[in-house]
Amino acid sequence: MSSAGAGQQQFRYTQTPSKVLHLRNLPWECAEEELVELCKPFGKIVNTKCNVGANRNQAFVEFADLNQAISMVSYYASSSEPAQVRGKTVYIQYSNRQEIVNNKSSGDVVGNVLLVTIEGVEAGDVSIDVIHLVFSAFGFVHKIATFEKAAGFQALIQFSDSGTASEARNALDGRSIPRYLLPEHVTSCLLRISFSAHTDLNIKFQSHRSRDYTNPYLPVNPSAIDGTLQPTLGPDGKKKEPESNVLLASIENMQYAVTVDVLHTVFSAFGTVQKIAIFEKNGGMQALIQYPDVATAAVAKDSLEGHCIYDGGYCKLHLSYSRHTDLNVKAHSDKSRDYTVQDAGILAVPQAPGVPTVGTGWQGSSQMFAGPQAPATSSQIPGWDPSSHSYVSAPVTYPGQTSTPPVPPYPGAGAIPTAAAASPTASQLISQYGMQPTGQHSSGTGAAQPPYY
DNA sequence: AGCACA
């Protein structure tokens, strides 16, 4: 009712004095120091707020004492010289508020450690590996600590520097973790990100709640009994197979060619694939896929389990952890690949007959799947394709976005395989997605990451 | 040139 009257009340003669002054017509990106220079002759400045308004050319300055603000206003009211910043006339009035309330309350002070609140989930819903994967897109994640507070499930994520932390925050704050990285029942999962005051987290153990990626030899949480390959317990308390950086994939209903290149494309969506070996077992096809670390393998396993490489239920993947940790495979054959050696393909390495391979014979090339004669339909859905909605159970989009946006994915997401769909030849795949350079274990950054938009 | 957390 009275809103119109209240709005009209702001005539210059009716304004009540305030310790807070409103300054407008400031020069572009006026720095706080410039405001202070202008105002401090009149008193002690206790707070400021810069870059206010649509043009970001307004500001507020709060004096310690009301009389100081009055003295400044009355000085310029009767001065022949107007208040100026960089030669530009600045207009000064009492603010209609009595104090500056600014939100740069610690959480906006940049630092290299992010405080991430994951809304709408319980602690068990988002694994530390998923968090690691999501934030690794921006740079090497040194450490992660998760905990539950009144605010909900939270994580501290430590980057090398505040620059990378800022990039991650800018890209992910207010966004959600992609659905396909979450359990089915999780419907929304907003990330609220601010800066922590911490600079270096003190991680005592590798555990389901904390990780130190700079120190892989850090002892495992003592509660997880017995050393290196700790049998992890599922949510229902059942023993799961020991985790490994190598996945064993069995491929069901294999109507179409599944080549090393196709697998490389598929599994690269989650990180650097170091080695792949395809072999036959019990009349079915299996493959071993080696990642640099178990965390990446775990995410890939959880994300791809039960999904099909090709639309229509073809080439369904079943994933488990291999007992292997480092595959010994021929660098370049039709059934195996070592991406950690350079240009193996071109050099057509002579077959050293004595080279032992791990386990049994995926080097025996059965030529079941001669060429990449993948289905002709363009609807084969690589589920890691962010524009695809069919492969995963839920669209991989962020709130407010319903389709593939024109902007590229955020940094680090450059190598998302988007189109194994077009039945690429091996060479097309290779040139499109590139081989991993020699020995370049994923620094946690460069590898293809799941799509974020 | 005219008031900031959504």
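These figures come from a predicted structure and were not determined experimentally. Below, chain A is the first sequence line, B the second, and so on; all start at residue 1.
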Only pairs at least two apart or in different chains count here, so list each salt bridge (charged side-chain N to carboxylate O under 4.0 Å, His left out) that has a residue in residues 137-153 of chain A.
Lys143(A)-Asp200(A)

Between dG2(B) atom P and Leu26(A) atom CG, what is the distance in whole Å?
11 Å

Could you tell me the separation between the CD atom of Gln93(A) and the P atom of dC3(B), rounded to a whole number of Å?
9 Å

Would you please determine if the base of dA4(B) is stacked by Phe60(A), with stacking meaning a centroid separation under 5.5 angstrom and planes under 30 degrees?
yes

Mind jotting down which residue pairs meet the ring pair (Phe, Tyr, Trp, His ring centres under 6.0 Å) criterion with at least one end in residues 16-36 of chain A? Sequence neighbours excluded, please.
His22(A)-Phe60(A)

Which residue lies toward the 5' end of DNA chain B, Ile100(A) or Asn25(A), if each is placed at its nearest nucleotide?
Asn25(A)

To the nearest Å, give me how far apart CG (Asn51(A)) and P (dC5(B)) are.
12 Å

Protein-nucleotide distance (Lys49(A), atom NZ; dC5(B), atom C1'), rounded to Å
8 Å

Atom-to-atom span, NZ of Lys19(A) to P of dA4(B) - whole angstrom:
19 Å

Is a donor from one side chain sitting under 3.5 angstrom from an acceptor on the other, for His142(A) and Asn112(A)?
no

Please classify the nucleic acid contact of Glu62(A) as base, sugar-phosphate, or nothing, using heavy-atom distances under 4.0 Å.
nothing

Return no unless some side-chain N or O of Gln58(A) is found under 4.0 Å from OP1 or OP2 of dG2(B).
yes

Atom CG of Leu190(A) to atom P of dA6(B): distance rounded to whole Å?
18 Å

Looking at Lys275(A) and Asp326(A), does any basic side-chain N land under 4.0 Å from a carboxylate oxygen?
yes

Write down the distance between CG (Asp173(A)) and P (dA6(B)), rounded to a whole number of angstrom.
16 Å

From CG of Asn55(A) across to P of dC3(B) the rounded distance in Å is 11 Å

